[in-house]
Protein chains: 2
Amino acid sequence: MSHTGYTRLMTLDREQVLRSAAALLTHKSTATMDEVAKAAGIGRATLHRHFAGRDALVKALENLGIQEFEAALDASALDEGRAEDGLRRFVAAVEPSAGLLSFLVTENQLFEGDQVNEGWSRLDARVAAFFRRGQERGEFRIDLTPAWLTEALYGLIGTGAWAVQVGRVAPKDFQYMIVELLIGGVRRSVEQ
Amino acid sequence: MSHTGYTRLMTLDREQVLRSAAALLTHKSTATMDEVAKAAGIGRATLHRHFAGRDALVKALENLGIQEFEAALDASALDEGRAEDGLRRFVAAVEPSAGLLSFLVTENQLFEGDQVNEGWSRLDARVAAFFRRGQERGEFRIDLTPAWLTEALYGLIGTGAWAVQVGRVAPKDFQYMIVELLIGGVRRSVEQ
DNA sequence: CCCGTATGAGACATCAGCGTCTCAGCACGG
DNA sequence: CCGTGCTGAGACGCTGATGTCTCATACGGG
């Protein structure tokens with residue numbers, strides 16, 4: 001039989017191709033379909049058999065990213081304990097996907113109004129709600145809007161992923177640098 | 001005489017075209033040469049008379065961005081008074097160029113090793129030195145490296161410019177959101 | 001008034017990347 | 001041993017963008 005349903009083997013193939021595509025596009029967002037194929041160790045024709053075209057590939061990557069992002073969100077149990085610690089857990093959980101997320105965010109900025117994948121708005125809402133709860137509990141300051149904090153978190157994750165990639169930040173410091181800056185800021189405070 | 005030297009009129013033309021190109025590419029980084037020309041109110045041929053090609057245009061924009069960035073750096077007198085206030089002045093000064101800077105940073109990430117414009121490294125060094133001085137004076141925490149703080153500043157400026165553009169942050173809050181987050185972080189501290 | 005000059009519009013060739021297709025090779029199962 | 005089916009390689013046509021060129025025109029100075 002051909003690849004109708006989602007037999008395990010088939011899914012594994014797709015998954016693997018998707019992973020390597022993510023890895024490549026993460027640090028070369030303009031990579032060619034041919035490059036993506038070669039990076040996955042397959043031919044361009046086969047790549048097209050898995051993904052109808054570049055758009056389909058990006059959309060699949062988008063779904064993968066959303067899925068991983070959501071998994072990180074679930075895994076970090078943002079509501080348990082101090083909001084600050086939830087944030088730490090989240091950044092730690094999202095680190096492996098940081099490059100992919102960064103790519104997708106950049107990619108999304110190009111699609112002006114062409115209605116973005118609804119998954120993003122759902123995730124945005126969850127993250128913004130987390131910040132809002134932190135504010136209501138008195139753990140976060142209230143003069144920075146949840147929407148901005150959400151964007152800033154994405155931005156810092158992307159910047160962090162890139163800084164690690166070009167060697168300006170040690171990989172082991174990724175999580176620490178992002179979370180500490182986001183939580184405490186750069187000012188040296190007495191309570192540290 | 002033709003446009004040999006840099007007669008005033010000629011320079012003004014270029015400048016104006018460059019400005020409008022910056023404004024356009026800032027929120028549509030994939031804009032066509034034709035779109036750039038139309039946005040500047042000139043024909044594509046004339047655009048090519050000013051800038052040999054897309055690369056030349058981008059390079060000119062890069063120089064413009066570097067120049068504005070450096071001007072903002074000079075104007076904000078980072079060393080005077082508290083480091084924190086210097087940072088505030090700088091973000092205020094750089095706000096008009098934020099979109100352009102954001103575009104250029106993204107653009108630069110594509111040129112892998114093709115040796116980036118030396119202007120950037122000079123500016124990077126100045127900013128990093130500022131953070132280092134702040135640390136030495138005891139005003140900034142020392143567990144975040146100057147290199148990371150520099151990248152984070154760029155990242156937040158870019159994120160801020162984008163957030164304003166899509167309406168997630170009010171233009172008047174641009175400066176406040178960036179500086180406050182960068183300086184104090186999201187944690188609600190007693191001393192606020 | 002007339003000439004020089006820059007300009008805008010458009011035609012043209014070129015090129016890179018995409019999407020489709022064909023074909024031969026290879027593995028795998030019957 | 002032989003079909004079936006998937007794969008990689010490659011050819012092909014198409015499209016969009018680029019860079020170059022020509023030409024008619026409008027503007028401005030002498």
Side-chain angles (χ1 to χ4, degrees), chain A residues 1-62 103 106-107 109-112 114, chain B residues 1-62 103 106-107 109-112 114:
Chain A
M1 79 171 57
S2 74
H3 42 68
T4 56
Y6 276 71
T7 76
R8 195 171 57 225
L9 228 171
M10 158 68 186
T11 306
L12 275 186
D13 273 8
R14 259 184 72 113
E15 181 84 12
Q16 212 151 352
V17 171
L18 220 44
R19 294 284 167 187
S20 85
L24 174 59
L25 290 172
T26 276
H27 73 276
K28 186 174 181 183
S29 56
T30 61
T32 281
M33 286 296 271
D34 202 277
E35 294 174 294
V36 172
K38 280 203 172 59
I42 64 178
R44 198 162 63 98
T46 308
L47 178 60
H48 270 83
R49 283 181 197 115
H50 284 301
F51 306 96
R54 195 171 220 292
D55 294 349
L57 175 62
V58 171
K59 201 166 291 186
L61 279 175
E62 203 171 17
F103 162 71
T106 304
E107 195 77 0
Q109 293 183 187
L110 300 184
F111 295 166
E112 309 219 345
D114 309 0
Chain B
M1 78 173 54
S2 74
H3 43 70
T4 55
Y6 276 72
T7 78
R8 193 172 57 225
L9 229 172
M10 159 70 185
T11 306
L12 274 187
D13 272 7
R14 258 184 71 113
E15 183 83 10
Q16 212 151 352
V17 171
L18 220 43
R19 293 283 168 190
S20 85
L24 174 59
L25 290 172
T26 276
H27 73 274
K28 186 173 181 185
S29 56
T30 62
T32 278
M33 287 297 270
D34 203 275
E35 294 174 293
V36 172
K38 280 203 173 59
I42 63 178
R44 199 162 63 97
T46 308
L47 178 59
H48 269 82
R49 284 182 195 112
H50 284 301
F51 306 97
R54 196 172 221 292
D55 294 351
L57 175 62
V58 171
K59 201 167 291 184
L61 278 174
E62 202 171 15
F103 163 70
T106 305
E107 196 77 359
Q109 292 184 185
L110 300 181
F111 294 167
E112 309 221 341
D114 308 2

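Keep in mind that the numbers below use all heavy atoms, side chains included, and drop hydrogens, waters and symmetry copies.
For A:His48, the listed nucleotide lying nearest its side chain is C:dG19; candidates were C:dG19, D:dA9, C:dT7. In this structure, the nucleotide among C:dT7, C:dT20, D:dC21 sitting nearest to the side chain of B:Asp13 is C:dT7. Residue A:Ala45 has its side chain nearest to D:dG10 when only D:dT7, D:dG10, C:dT7 are considered. The B:Arg54 side chain lies nearest to D:dG19 when the options are D:dG19, D:dG8, C:dT7.
Residue contacts for B:Arg44: at a heavy-atom cut-off of 4.0 Å it reaches a base atom on one of the strands shown.
Looking at every heavy atom in both residues, B:Thr30 comes nearest to B:Glu35 through O-OE1, 4.5 Å. Nearest heavy atoms, B:Thr26 versus B:Phe103: CA-CB, 4.4 Å. Listed here is the closest heavy atom pair of A:Arg44 and A:Asp34: CD-OD2, 3.5 Å. A:Leu47 and A:Val36 make their closest contact through CD2-CG1, 3.9 Å (heavy atoms, listed as atom of the first residue, atom of the second, distance).
Here C:dG17 presents its C1' atom at 13 Å from CG of A:Asp55, a figure rounded to the nearest Å. Counting to the nearest Å, the C1' atom of D:dT7 and the NZ atom of A:Lys38 are 15 Å from each other. Distance CZ (A:Arg49) to P (C:dC21): 12 Å, rounded to an integer number of Å. Atom P of nucleotide D:dA17 and atom CG of B:Leu47 are separated by 15 Å, given to the nearest angstrom.
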Inset, instruction - Apply side chain to side chain contact (heavy atoms under 4.5 Å, CB included) to the pair A:Glu62 and A:Glu107, showing each step before the final yes or no. - result: CA-CA 10 Å; A:Glu62 203 171 17; A:Glu107 195 77 0; over 6 Å; no
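Ion pairing between a basic and an acidic side chain is recognised when a charged N comes within 4.0 Å of a carboxylate O; B:Lys59 and B:Asp55 show no such pairing.
For the segment residues 18-35 of chain B, no residue has any heavy atom less than 4.0 angstrom from an atom of DNA chain C.
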